[in-house]
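Worksheet: one structure, shown below.
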2 protein chains.
Amino acid sequence: MSTPGRGLHGHVLETLGPAIAAGEYPPGSVLRTDELAQRFDVSRSVMREAVRVLESMHLVESRRRVGVTVRPKAEWNVYDPQVIRWRLAGADRPQQLRSLTVLRSAIEPVAAGLAAKYATAGQCAELTECALGMVAHSRGHQLEGYLIHDVAFHRVILNASGNEMFARLGDVVAEVLAGRTHHEVMFEDPDPAAVTLHVQVAEAVRAGDAARAEHLTREITVGALQELDILAP
Amino acid sequence: MSTPGRGLHGHVLETLGPAIAAGEYPPGSVLRTDELAQRFDVSRSVMREAVRVLESMHLVESRRRVGVTVRPKAEWNVYDPQVIRWRLAGADRPQQLRSLTVLRSAIEPVAAGLAAKYATAGQCAELTECALGMVAHSRGHQLEGYLIHDVAFHRVILNASGNEMFARLGDVVAEVLAGRTHHEVMFEDPDPAAVTLHVQVAEAVRAGDAARAEHLTREITVGALQELDILAP
DNA sequence: GGGATCAAAAAGTCAGACTTATTTGTCACA
DNA sequence: TGTGACAAATAAGTCTGACTTTTTGATCCC
């Protein structure tokens, strides 16, 4: 799924990144490059490259005579896919999942509306295929098969929106949906109403009915919010 | 505004990054670390650090025996603030501005709805203050003063939403609004209707009327879309 | 023609010496 | 006593050169 840490530098990142993302080093903590290099048993050049990457994600700040200081979470590049993965892998998982679900609830309806305008015939066909796949796997504990088609469905919508920034959220949505199936409680078959909504969205997009596609998708995302007990007064 | 390239490594990035983001090196182009180091007159270590950062942004991919290859735009980390700045600074500016405006149209209404629920008294006061500032600078070619309050207004909304990912879009929105005032055609005073809408949003948030805040903000963003001739069949 | 083998190329890694900026502490002077 | 300048310590920043490893592509043999 994610890029396996290529090279020593990548290995260091995959250890240090999640640790910082999980809040193991409180904001303001100071690390020293030399000490880290020793701890990970790599040369300073390798460690410096890793620090540079963490710095580009705004997780840390490197200053002369001071060291490498951890930045407060509010300054992190929280849209960096790697940061998202690291946070999902650690103690910050619940909050990250909530943030992402709220983000989905904003993006996906608009994306569906745009998809209704701009989707190609091929994309409409894909969408219908995905929806049918979801229906086919919606009963009898075929959760994995259902997930695959669910992810594909939302990916097609985001891509068909024609907006490059929406399209890049495909991986994030995939991660959220996979998380819901794998980590969270998900013993029962998916909600039949949700399945129906997906079929209807596919149909609305095919028909070019932007308002209807947007509205139906909003209902889907409201369901996702309710699953996490977001909403309420 | 942005971080001025600290160190040699930062200087290299500020030259190479924009060049790649502007599409000067077509996808698949191969660069060699040693050659780049010579070109920028820095050591290989410095160049390697720069390449690592570009790689973490998914702008390039470094492979042994091959070199540093430029990735297709569809794979870039388009939410990285630095990438956004680089794209806004170059030939990709129009498309980047459109993408961001569409993104705003999805995010901000939802953020405003959440702000109506979660904004503190202080944030409501700030919001009203910003709206009044916009009114005060809405006539007589006080574009700079208007911009400052406009940016502040949208920042408060995003922060008050309580969603960390929305909050991080403050800088992006600021960049879009500033671009509209400085680069695009903006000789006349702002649309009075837009000013009124901002005041009404502030009032709706203060009153805790989420649906109204969301709807009014949607009208604002529709206006932004129309300015760029987005919409239409 | 196809598969194994070998050589070249470029990134990856390391070690060590040196430079530079920044902080902190000290000391003299007002 | 407070304040300013100056000096020392510290950790990042930079450079260089040698070496390793992976991958590719060409060659050679069957």
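The chains referred to below are lettered A, B, ... by the order of the sequence lines, with proteins before strands, and numbering in each begins at 1. Everything quoted here is computed from the prediction, not taken from an experiment.
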Separation of atom [atom1] in [X] from atom [atom2] in [N], rounded to whole Å:
{"X": "A:Leu54", "N": "D:dA12", "atom1": "CG", "atom2": "P", "result": "14 Å"}
{"X": "A:Met47", "N": "D:dA12", "atom1": "CE", "atom2": "P", "result": "11 Å"}
{"X": "A:Arg6", "N": "C:dA10", "atom1": "CZ", "atom2": "P", "result": "19 Å"}
{"X": "A:Asp34", "N": "D:dA12", "atom1": "CG", "atom2": "P", "result": "6 Å"}
{"X": "A:His11", "N": "C:dT13", "atom1": "NE2", "atom2": "P", "result": "12 Å"}
{"X": "A:Glu35", "N": "D:dT10", "atom1": "CD", "atom2": "C1'", "result": "14 Å"}
{"X": "A:Leu8", "N": "D:dT20", "atom1": "CG", "atom2": "C1'", "result": "11 Å"}
{"X": "A:Glu49", "N": "D:dA12", "atom1": "CD", "atom2": "P", "result": "16 Å"}

Are [X] and [N] close enough that a side-chain N or O sits under 4.0 Å from OP1 or OP2?
{"X": "A:Arg52", "N": "D:dG13", "value": "yes"}
{"X": "B:Arg63", "N": "C:dG12", "value": "no"}
{"X": "A:Thr33", "N": "D:dA12", "value": "yes"}

Under a 4.0 Å N-O cut-off, is there an ion pair linking [X] with [Y]?
{"X": "A:Glu49", "Y": "A:Arg52", "value": "no"}
{"X": "A:Glu14", "Y": "A:Arg6", "value": "no"}
{"X": "B:Glu164", "Y": "A:Arg87", "value": "yes"}
{"X": "B:Arg180", "Y": "B:Asp150", "value": "yes"}

What about A:Arg65: does its side chain form a donor-acceptor pair under 3.5 Å with the base of D:dA9?
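Flag set: donor-acceptor pair detected.
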Describe the nucleic acid contact of A:Arg48 in one word from base, sugar-phosphate, nothing, applying a heavy-atom distance below 4.0 Å.
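Answer is base: heavy atoms of A:Arg48 come under 4.0 Å of a base.
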Detail all sub-3.5 Å separations between protein N/O atoms and N/O atoms belonging to nucleotides 15-18 of chain C.
residue : atom : partner : partner atom : Å
C:dA17  : N6   : A:Arg44 : NH2          : 2.6

If you take all heavy atoms of B:Tyr146 and B:Ser138, which pair is closest and at what distance?
CD1-CA, 4.2 Å
Looking only at non-hydrogen atoms, find the nearest pair between B:Ala111 and B:Ser161 and report the distance.
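Between these two residues, the closest heavy atoms are O-CB, 3.6 Å.
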Check whether the side chains of B:Glu144 and B:His182 place a donor and an acceptor atom closer than 3.5 Å, and report yes or no.
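Yes.
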Ignoring the backbone of B:Arg64, work out which of D:dT14, D:dT24, D:dT22 is nearest its side chain.
D:dT22
